[in-house]
There are 4 protein chains.
Amino acid sequence: MSRANVSAEQLKLFIERIETLEEEKRGLADDIKGVFAEAKSNGYDVKTMRTIIKLRRMDRNDRAEQEALLETYMSALGLEV
Amino acid sequence: MSRANVSAEQLKLFIERIETLEEEKRGLADDIKGVFAEAKSNGYDVKTMRTIIKLRRMDRNDRAEQEALLETYMSALGLEV
Amino acid sequence: MSRANVSAEQLKLFIERIETLEEEKRGLADDIKGVFAEAKSNGYDVKTMRTIIKLRRMDRNDRAEQEALLETYMSALGLEV
Amino acid sequence: MSRANVSAEQLKLFIERIETLEEEKRGLADDIKGVFAEAKSNGYDVKTMRTIIKLRRMDRNDRAEQEALLETYMSALGLEV
DNA sequence: ACGTTTGCGCTTTAGC
DNA sequence: GCTAAAGCGCAAACGT
């Protein structure tokens with residue numbers, strides 16, 4: 001088999017792997033929607049839930065960001081991190 | 001246990017389920033990036049790969065429609081297609 | 001002149017207006033680069049400057065976001081904003 | 001006035017100049033969005049307009065190169081171009 | 001000069 | 001169908 005064909009085969013495998021992963025990703029997005037729907041049918045306010053989840057995610061991110069900022073400052077001051 | 005506590009507990013479970021699913025979704029996004037990186041290190045052009053994946057996902061008719069519209073506009077502007 | 005030609009002319013004008021604005025936008029981006037370069041040649045640390053600018057922008061955005069969050073809470077509680 | 005104060009003042013000026021330029025840049029971005037909105041309300045397809053602007057900005061050679069690469073990959077995968 | 005990494009802007013998606 | 005948010009892609013910027 002020629003080198004070109006080997007390459008084509010390899011390219012095809014890469015693309016199929018990505019397409020599979022994307023499919024799974026879409027599946028998870030649907031699952032998430034499903035849980036929200038279930039919560040709603042149990043009387044919970046979806047908008048408020050989203051706010052809570054967003055805030056919890058922000059807390060984590062902010063914490064990570066603070067660390068990064070600190071490192072930048074330390075570097076700027078010529079200190080070891 | 002009071003009704004309020006039951007509700008709070010249930011709400012917590014819903015939110016944790018969603019956060020877990022979102023975490024998995026992020027994991028898959030990372031996996032996808034990893035495959036692209038691997039393909040790149042094997043000499044493939046990532047941008048072109050993305051184009052191909054996009055085209056394959058697109059419905060054949062939608063694609064033809066979009067191209068027709070583009071040609072119409074290009075002609076209207078006196079540009080080469 | 002036919003209606004098609006009028007449309008083509010109008011389309012052309014829209015596109016040219018956008019292209020002009022984008023050109024100006026690129027010019028401003030260059031100006032910004034220039035100021036950073038000037039500051040650097042005066043001995044300032046560019047990375048630290050970027051951090052400061054980012055923080056100042058974040059402060060403003062966070063303030064706006066806090067307001068938005070408050071509104072969400074108020075709505076969730078059935079209160080008037 | 002001490003040297004440190006001069007430096008601080010100078011740094012402040014640099015930062016303010018950059019913030020002003022960034023503000024203007026954001027203003028232009030808004031203007032562009034406005035023109036797209038106007039075009040849309042006149043019945044034009046925004047997505048296609050974006051494609052045209054992109055193509056016009058692209059160098060003719062680069063464009064031909066990319067298309068050739070896409071065709072190569074598509075053929076390798078046994079897909080129709 | 002090149003490759004990696006970060007930040008910005010666009011595109012797409014989800015909800016109203 | 002439109003508006004708002006999130007995720008993704010690209011391009012510039014930094015370090016090697």
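For the numbers below, each heavy atom of this structure counts, side chains included, while hydrogens, waters and symmetry mates do not. Letters A, B, ... are given to chains in the order of the sequence lines, protein chains preceding strands, and every chain is numbered from 1.
In terms of phosphate contacts, C/Arg50 brings a side-chain nitrogen or oxygen within less than 4.0 Å of OP1 or OP2 of F/dC14. Within the 4.0 Å cut-off from OP1 or OP2 of F/dG7, not a single side-chain nitrogen or oxygen of B/Arg26 is found.
The nearest whole Å value for the distance from the CD1 atom in D/Ile18 to the P atom in E/dG7 is 15 Å. Straight-line distance from the CD atom of D/Gln66 to the C1' atom of F/dG9: 13 Å, rounded to whole Å. Straight-line distance from the CE atom of A/Met49 to the C1' atom of E/dA14: 15 Å, rounded to whole Å. Note: NZ (B/Lys47) to P (F/dA11) measures 6 Å, nearest angstrom. Taking atom CD1 of B/Ile32 as the reference point, atom P of F/dC8 lies 7 Å away to the nearest angstrom. The nearest whole Å value for the distance from the CG atom in D/Leu21 to the C1' atom in E/dC8 is 17 Å. Here the P atom of nucleotide E/dT13 and the CG atom of A/Asp30 are 12 Å apart, to the nearest Å. Following rounding to the nearest Å, B/Lys40 (NZ) and F/dG9 (C1') show an atom-to-atom distance of 13 Å.
Backbone-only engagement by A/Lys25 is indicated by non-hydrogen atom pairs under 4.0 Å involving sugar-phosphate atoms exclusively. Nucleic acid contact for C/Val46: sugar-phosphate only, since backbone atoms but no base atoms lie under 4.0 Å from a heavy atom of the residue. Within the nucleic acid shown, C/Lys33 comes within 4.0 Å of sugar-phosphate atoms alone, with no base atom in reach, counting heavy atoms only.
In this structure, the side chain of D/Tyr73 engages the main chain of B/Asp45 through a donor-acceptor pair within 3.5 Å.
Position along DNA chain E of the nearest nucleotide to A/Ala29 versus C/Glu22 favours C/Glu22 as the more 5'-ward residue. Where A/Lys54 and D/Lys54 meet DNA chain F, the nucleotide closest to each residue was compared, and A/Lys54 sits on the side nearer the 5' end.
Once rounded to the nearest 0.5 Å, the distance linking CG of A/Leu11 with CE of D/Met74 reads 11.0 Å.
Of the candidates C/Arg17, C/Lys12, C/Glu19, C/Ile15 forms a side chain to side chain contact (heavy atoms under 4.5 Å, CB included) with just one, namely C/Glu19.
By the 4.5 Å heavy-atom criterion applied to side chains, C/Ile18 and D/Met49 are counted as neighbours.
In this structure, B/Arg57 places its CZ atom where more than 12 heavy-atom neighbours from other residues, nucleotides or ligands lie under 6.0 Å away.
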